[in-house]
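These notes are about the structure you will find just below.
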Amino acid sequence: MTASPTLGVAQAPGRVNLIGDHTDHAGGLALPMAIDLGTTIEGRRGGDRLQLRSAQFPSALSVSLPLRDARIEPDWARYVAAVAVELQPQQGFTGTITSTLPLGAGLSSSASLEIAAALALGFTGSDMELALLAQRSEFAAVGVPCGLLDQLSCVFAREGHALCIDFGSLEIETVPMPVGLDIVVVHSGVERTLAGSAYAERRAACERAASIIGPLATSSIEDLPAIADPIIRRRARHVITECSRVVEATAALRSGDVVSFGEHMTDSHRSLRDDFEVSTPEVDALVEVLTAMPGVHGARITGAGFGGCVVAACEPGAIADPTTFSGRGWIVRAAGPASMQLIDD
Ligand code: ADP
Ligand code: MG
């Protein structure tokens with residue numbers, strides 16, 4: 001009897017963006033790190049149905065292939081359905097999804113799910129094609145015109161490293177995480193609301209600014225007075241200053257200057273709060289509490305904003321129990337990339 005390799009386990013990490021938020025769609029810079037929290041899809045290939053149950057939701061996904069439209073029920077399954085529409089897999093899949101990530105909290109559970117799903121369903125192209133497929137799937141699933149930050153972080157991750165990504169050239173540099181630096185993620189306790197529509201509105205403001213002064217990634221703050229509208233000007237100022245902060249924070253991390261790295265993170269938070277206006281009072285209060293703690297070098301909101309998680313950089317053990325603030329928090333480590341394992345049985 002010949003064994004067929006039909007049993008598979010796909011794993012994909014989430015990510016925490018250390019600095020550089022809302023810069024990817026403007027062709028700017030960011031410094032994310034894949035984390036040791038992620039999505040696992042386990043099951044069997046075969047047949048002509050896609051059947052997946054997620055531990056997080058009562059209703060399962062159950063559709064026959066080929067699938068032409070991602071707009072199915074339940075809502076959560078649209079991310080997986082969109083991947084199936086893009087990929088047009090040769091065979092079906094039956095299995096379960098488990099996740100150690102908080103959902104909708106800015107740690108990229110959606111891209112992690114899409115990438116794990118693509119691998120489970122038999123994706124075979126290049127890493128960049130995988131990231132692009134997941135980005136198209138996200139747009140098809142929920143209509144959010146997201147950049148590539150989450151998908152690239154998940155696919156190009158390297159254990160023990162952050163990634164400095166240039167979204168203009170799609171060049172990715174690995175940056176070793178220094179020993180003696182804890183990266184701590186704390187949930188603010190605020191669930192994100194209106195993130196999708198506000199995100200699209202912020203993105204449109206950046207495009208408006210770029211139509212006046214040119215690409216924001218290569219503009220400088222001296223260009224800003226040419227933008228008459230004060231809101232559009234502030235949005236552009238965030239992107240321009242955030243890209244500079246990523247350059248400086250990456251250099252600080254490389255040289256082991258963790259204090260200056262933390263200061264750039266806290267400056268980034270102020271810019272996201274005041275210029276990009278994607279924070280909330282509760283998140284601001286959490287950043288204040290964390291940055292006032294001894295041994296904490298800096299903290300900022302991470303991800304799309306409007307609630308979700310805060311990331312802090314600190315001396316080892318300075319935030320010994322990250323669950324004390326809202327009940328949800330993690331000391332995270334830089335993890336490796338998404339992977340797929342086929343098991344003969
Ligand atoms: P984030 O990517 O920051 O976690 P999003 O709003 O982009 O937040 O994506 C969260 C959504 O992704 C969830 O509401 C759910 O629909 C889907 N999702 C992510 N992980 C899972 C999972 N393990 N099971 C089912 N759905 C998931
Ligand atoms: Mg997401």
Side-chain angles (χ1 to χ4, degrees), residues 9-17 21-22 24-25 30 32-35 37-43 50-63 70-84 93 95-120 131 133-155 185-188 190-200 202-203 278 280 283 301-311 328 330 332 338:
V9 183
Q11 283 179 307
R15 62 101 190 93
V16 63
N17 195 17
D21 266 314
H22 294 278
D24 60 346
H25 55 73
M33 168 183 119
I35 55 175
L37 302 173
T39 311
T40 302
I41 302 184
E42 193 165 355
L50 174 55
Q51 306 184 106
L52 278 169
R53 185 165 281 286
S54 168
Q56 259 87 351
F57 293 90
S59 302
L61 160 66
S62 180
V63 286
R71 286 166 298 167
I72 59 160
E73 300 294 331
D75 279 356
W76 71 261
R78 294 182 176 198
Y79 294 90
V80 178
V83 168
F93 189 91
T96 54
I97 307 170
T98 49
S99 180
T100 48
L101 286 162
L103 275 47
L107 300 185
S108 187
S109 73
S110 61
S112 173
L113 173 62
E114 289 148 8
I115 287 163
L119 293 174
L133 180 143
Q135 183 193 33
R136 289 195 302 276
S137 303
E138 179 110 10
F139 185 60
V142 285
V144 177
C146 65
L148 263 172
L149 170 71
D150 300 356
Q151 296 80 5
L152 293 181
S153 311
C154 178
V155 169
V185 174
V186 180
H187 200 295
S188 64
V190 184
E191 299 306 325
R192 282 191 330 210
T193 49
L194 292 176
S197 55
Y199 178 87
R202 296 298 187 283
R203 183 168 175 159
V278 291
T280 70
V283 170
I301 190 168
T302 187
F306 306 100
C309 289
V310 166
V311 57
R328 284 181 289 174
W330 306 264
V332 291

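Bear in mind that the values here come from a model prediction, so they are computed numbers and not experimental data. Sequence positions, counted from 1, serve as the residue numbers for this chain. Just follow the structure's listing: the first ligand is 1, and inside any ligand the first atom is 1.
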Scan the protein's non-hydrogen atoms and note whether one is under 4.0 Å from atom 14 (O) of ligand 1.
-> no
Check whether any N, O or S atom of S109, backbone or side chain, sits closer than 2.8 Å to the Mg ion (ligand 2).
-> no
Give me the residue, atom name and distance of the protein heavy atom closest to [atom].
atom	value
atom 12 (O) of ligand 1	Y79 CE1, 3.5 Å
atom 18 (N) of ligand 1	L113 CD2, 3.6 Å
atom 9 (O) of ligand 1	S110 CB, 3.3 Å
atom 19 (C) of ligand 1	S109 OG, 3.1 Å

Ion pair R328/E191, N-O distance below 4.0 Å | yes
Between A105 and ligand 1, which part of the residue brings a heavy atom under 4.0 Å of the ligand: side chain, backbone, both or neither?
-> backbone
S54 and ligand 1 - part of the residue with a heavy-atom distance under 4.0 Å | side chain
For side chain to side chain contact (heavy atoms under 4.5 Å, CB included), just list the numbers for Q56 and S99, CA-CA rounded to whole Å, side-chain angles, deciding distance to a tenth of an Å, and then say yes or no.
-> CA-CA 8 Å; Q56 259 87 351; S99 180; 4.0 Å; yes
Subset of ligand 1 atoms that lie under 4.0 Å from at least one heavy atom of [X]:
X	result
G106	3 (O)
L107	3 (O)
S99	23 (N)
E138	7 (O)
I97	23 (N)

Does ligand 1 have an atom that lies less than 4.0 angstrom from a heavy atom of G303?
-> no
Answer with yes or no whether L103 contacts ligand 1, where contact means a heavy atom under 4.0 Å from a ligand atom.
-> yes
Closer than 3.5 angstrom, by distance alone: can the side chain of [X] be matched with the main-chain N or O of [Y] as a donor-acceptor pair?
X	Y	result
Q135	C146	yes
D24	L149	yes
D150	A111	no

Taking atom CZ of R136 as the centre, report whether more than 12 heavy atoms of other residues, nucleotides or ligands fall under 6.0 Å from it.
-> yes
Considering all heavy atoms of both residues, which atom of R53 and which atom of A60 are nearest to each other, and what is their separation?
-> NH2-CB, 3.7 Å
Smallest separation among heavy atoms of I72 and A81, with atom names = CD1-CB, 3.6 Å
Looking at S112, S54, S110, which one forms a side-chain hydrogen bond (donor to acceptor under 3.5 Å, both in side chains) with T39?
-> S112
With only distance considered, is R192 within less than 3.5 Å of ligand 1 through an N or O on each side?
-> yes
Should D75 be counted as touching ligand 1, given the test is an N or O pair under 3.5 Å?
-> no
If you round to the nearest 0.5 Å, how far is CH2 of W330 from OG1 of T100?
-> 9.5 Å
Using the six-membered ring wherever Trp is involved, compare the ring planes of H22 and Y199 and label them parallel, tilted or perpendicular (cut-offs 30° and 60°).
-> tilted
